[in-house]
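Here's the structure, in structure tokens; my notes come after.
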Amino acid sequence: MNDNDFENEAKQVFDEHVAGLDAQTRSRLTQARYAAIEASRPRRAYAPWIGGAVAAGTVAALVVINPLNDEVTGPALDTPVAQQATDLEMLLGDDELEMLEELEFYAWLDEADVELDGIG
Amino acid sequence: MPGREVSSLESGESLEKFLAEVQGRALGIAQLATRDRDEALDLVQDAMIRLARRYGNKPAEEWRPLFYKILKNRIRDWQRRSIVRSRVMSWLPGSREEEPEDRIAQAPDLASPQPDEANRLSGAMEALAEGLQQLPQRQREAFTLRTLEGLDVAETAKAMGCSTGSVKTHYSRAVHRLRELLGEHWS
């Protein structure tokens, strides 16, 4: 047996082994191939609805989180939900800019309410 | 753009065709290195995903050496991890739990070779794996890529990251050493 014979022998053994792969192994290779093809697909860089979803999420977070803060400081209205509905109306309403200009006054008023609640 | 999508689709189809062509041989090579089918399957899947992600947009003629370069590196990483793992395990006797028997996996497959033929083939493959284990790494890679995968000298050089002259030297030494190790009638 010379080098060429040996190479051919090795190749033949290997080829027969590959050709005799069982069904389960072939199935797993197919799955691996599909996973690779899926991984090669380009991902969408930007979806226009993401901006809207982020805005909606922010509003929803305000509605959920702020009642918790109110529970600490003491809600001015009957329920936290009612308070949030009022806050949202104010934020989305025509008076929004005016309210922002007078933010310092509202902060003071808020602190004054807390102090009065504590006394009462 | 529709044209771009078609191009991407065509690229995906040709990549799948390429992977289907090389998957069996790639698994065989990984199995010779790991001597463990599940580990070999994981390595092949990993190499396929890396090729698709990083080089799927490259010309198709470059895929073969790139794929085998990735697979070769994954096998090397696996071998390094195995050495570390076996060292750690040797300090912790009895920590490896027996896995439950998988009866479905052990069921006979009608498409597979008959038992006698399967035994002969399995013995020959085991001997080849044993022989390859005893070769220096570069010789093992040169023999695996040239003879078993069928890459030409230039592709092998690309996959191994060396010159064609080095490939020829490693390959020639590998064949001589393997012939010594396996004997005249090993298969």
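Just so it is clear: chains get the letters A, B, ... in the order the sequence lines come, proteins before strands, and each one is counted from 1. Please read these numbers as outputs of a predicted model, since none were measured by experiment.
Proximity to chain A is absent for every atom of Asp46(B), based on heavy atoms less than 4.5 angstrom apart. Contacts of Phe18(B) with chain A are absent, with no heavy-atom separation under 4.5 Å from either backbone or side chain. Heavy atoms of Phe143(B) lying under 4.5 Å from chain A belong exclusively to its side chain. Contacts of Leu19(B) with chain A are made by both backbone and side-chain atoms, with heavy-atom separations under 4.5 Å. Contact annotation for Ala47(B): neither backbone nor side-chain heavy atoms come within less than 4.5 Å of a heavy atom of chain A.
Pairing each heavy atom of Ala10(A) with each of Thr147(B), the nearest pair is CB-CG2, 4.3 Å. Scanning all heavy atoms of the two residues, the minimum distance from Ala36(A) to Ala52(B) falls at O-CB, 3.1 Å. Closest approach of Gly24(B) and Leu21(A) over heavy atoms only: CA-CD1, 4.1 Å.
Note that CZ of Arg28(A) and CG of Asp38(B) are 5.0 Å apart. Values are rounded to the nearest 0.5 Å. Distance NZ/Lys11(A) to CZ/Arg25(B): 4.5 Å, rounded to 0.5 Å. Separation of atoms CD (Glu9(A)) and CG (Leu178(B)) is listed at 13.0 Å; rounding is to 0.5 Å.
Other residues, nucleotides and ligands place more than 12 heavy atoms under 6.0 Å from the NZ atom of Lys72(B). Heavy-atom contacts from other residues, nucleotides or ligands closer than 6.0 Å to CZ of Arg76(B) number more than 12. Other residues, nucleotides and ligands place more than 12 heavy atoms under 6.0 Å from the CZ atom of Arg138(B).
Under the 4.5 Å side-chain criterion, counting only non-hydrogen atoms from C-beta, Arg33(A) is not in contact with Gln45(B). The side-chain heavy atoms of Leu29(A) and Leu41(B), taken from C-beta on, include a pair separated by under 4.5 Å. In this structure, Ile37(A) and Met48(B) have side chains that are not in contact, with every pair of non-hydrogen atoms separated by 4.5 Å or more.
A salt bridge links Glu16(A) with Arg120(B): at least one charged nitrogen is closer than 4.0 Å to a carboxylate oxygen. Between Asp5(A) and Arg179(B), none of the side-chain N atoms (NZ, or NE/NH1/NH2) sits under 4.0 Å from a carboxylate O, so this pair counts as no salt bridge.
Among Asp15(A), Thr30(A), Asn8(A), the residue with the largest count of heavy-atom pairs under 4.5 Å with chain B is Asp15(A).
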message: Walk me through whether Glu7(A) and Leu148(B) qualify under side-chain contact (heavy atoms from CB on, under 4.5 Å).
response: CA-CA 9 Å; Glu7(A) 289 165 38; Leu148(B) 307 185; over 6 Å; no

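In this structure, a donor-acceptor pair under 3.5 Å is absent between the side chains of Ser40(A) and Arg53(B).
Checking each of Leu121(B), Thr144(B), Leu32(B) against Phe14(A) for a side chain to side chain contact (heavy atoms under 4.5 Å, CB included) leaves exactly one that passes, namely Leu32(B).
In the hydrophobic cluster analysis, where Ile, Leu, Val, Met, Phe, Trp and Tyr join through side-chain heavy atoms closer than 4.5 angstrom, Trp63(B) is grouped apart from Ile49(B).
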